[in-house]
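This report concerns only the one structure given below.
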Amino acid sequence: TRLEDLRVKLENEGLVNISYVVVNHQGAQSQREFHRLKDSVSDYITVYQQEEQQDDVWTTLNGSKDDFLIYDRCGRLVYHLGLPYSFLYLQYVEESIKIAYCDNKCGNCSYTEPDIDDICENITKNADKLAEPKPTGQHPHHHNLHRHGHHH
C-alpha cells in the first residue's frame with residue numbers, strides 16, 4: 001500500500017508512465033498470500049507470481065526479498081536498493097526513481113518524453129532545496145555579481 005501511495009504521489013508530480021512490478025516469492029506460503037498482495041495495490045501495479053519450477057527472478061537479478069531495482073527507460077539498471085534503503089517511509093526509493101526518470105545517469109536514452117523537462121526542472125529544484133538549506137541573510141556572491149556586472 002505504501003508503494004501505491006508513492007505511485008500516486010509521483011504521478012501527481014508529473015512522473016507518469018512508470019511501470020511498477022511486484023515480484024512475489026516462489027514458495028507455497030507466498031503463493032497462498034498472492035491474492036492478499038494483489039488486493040493491497042491498484043491495477044496500476046503489476047503483481048507477478050513466479051512459478052515454483054521457473055528460474056527465480058530474484059536470484060537472476062542478484063536481488064533478494066524487499067529489494068527495489070530501478071530501471072531507466074532504456075531498461076538499464078540505475079539503482080538496486082536493499083534494506084534499509086528500500087523502506088518506503090525513507091526517501092531513497094522516491095529519490096532514486098526521480099533520478100532514473102530525470103537524469104540520464106546511464107547515458108542518453110532515446111525514449112525520452114516530450115514534456116519531461118518542466119517536470120524534471122521542478123524536481124531538481126526541489127531536490128536542491130532538500131540537499132542544502134540556503135543560508136539566510138546576506139548572500140555575498142549575489143552582491144559581487146551586481147558589483148562586477150559591467151565587466152561581463
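In this chain, residues are counted from 1 in sequence order.
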In terms of hydrophobic clustering (I, L, V, M, F, W, Y; side-chain heavy atoms under 4.5 Å; direct or indirect links), are [X] and [Y] co-clustered?
| X | Y | answer |
| --- | --- | --- |
| L69 | Y79 | no |
| L15 | I70 | yes |
| L90 | V8 | no |
| L37 | L6 | yes |
| L10 | V16 | yes |

By ring pair (Phe, Tyr, Trp, His ring centres under 6.0 Å), which residues pair with [X], not counting sequence neighbours?
| X | answer |
| --- | --- |
| Y89 | F87 |
| Y44 | none |
| Y92 | Y85 |
| F34 | none |

Does C106 have any disulfide bond (SG atoms under 2.5 Å apart) partners at least two apart in sequence or in another chain, and if so, which? none
Could you walk me through whether S96 and L81 satisfy the side-chain contact (heavy atoms from CB on, under 4.5 Å) test, starting with their C-alpha distance in whole Å, then the side-chain angles of each, then the deciding distance to 0.1 Å, before giving a yes or no? CA-CA 9 Å; S96 300; L81 301 173; 3.6 Å; yes
Under 3.5 Å, side chain of D72 to main-chain N/O of C74, donor-acceptor pair present? yes
Treating N104 as the side-chain partner and N108 as the backbone partner, does any N or O pair qualify as donor plus acceptor under 3.5 Å? no
Would you say that more than 12 heavy atoms from the other residues, nucleotides or ligands in this model lie under 6.0 Å from the CG of D55, or not? no
Tell me if the CG atom of D39 is crowded by more than 12 foreign heavy atoms within 6.0 Å. yes
Pairs meeting criterion salt bridge (charged side-chain N to carboxylate O under 4.0 Å, His left out) with involvement of residues 24-33, two or more places apart: E33-R36
At their closest point, which heavy atom of G107 faces which heavy atom of R76, and how far apart are they? O-NH2, 2.9 Å
State, with a plain yes or no, whether a side-chain heavy atom of [X] is found less than 4.5 Å away from one of [Y].
| X | Y | result |
| --- | --- | --- |
| V22 | L3 | yes |
| Y101 | C120 | yes |
| V47 | V41 | yes |
| L88 | F68 | yes |
| I116 | R73 | yes |

Test of understanding: with side chain to side chain contact (heavy atoms under 4.5 Å, CB included), list the residues that count as partners of [X], not counting sequence neighbours.
| X | result |
| --- | --- |
| V57 | V23, Y48, Q50, Q54, L61 |
| S30 | N24, H25 |
| Q31 | Q49, E52 |

Can you list every side-chain hydrogen bond (donor to acceptor under 3.5 Å, both in side chains) pair that touches residues 62-71, not counting sequence neighbours? D67-H80
Under the salt bridge (Lys or Arg N to Asp or Glu O under 4.0 Å) rule, collect the residues that match up with R2, sequence neighbours excluded. none
Going by the rule salt bridge (Lys or Arg N to Asp or Glu O under 4.0 Å), which residues pair with K9 if we only count those two or more places apart in sequence or in a different chain? E13, E94
side-chain contact (heavy atoms from CB on, under 4.5 Å) between E4 and S40, intermediate numbers included: CA-CA 8 Å; E4 181 62 32; S40 60; over 6 Å; no
Applying side-chain contact (heavy atoms from CB on, under 4.5 Å) to V21 and I45, what does each step give before you reach the verdict? CA-CA 6 Å; V21 183; I45 296 178; over 6 Å; no
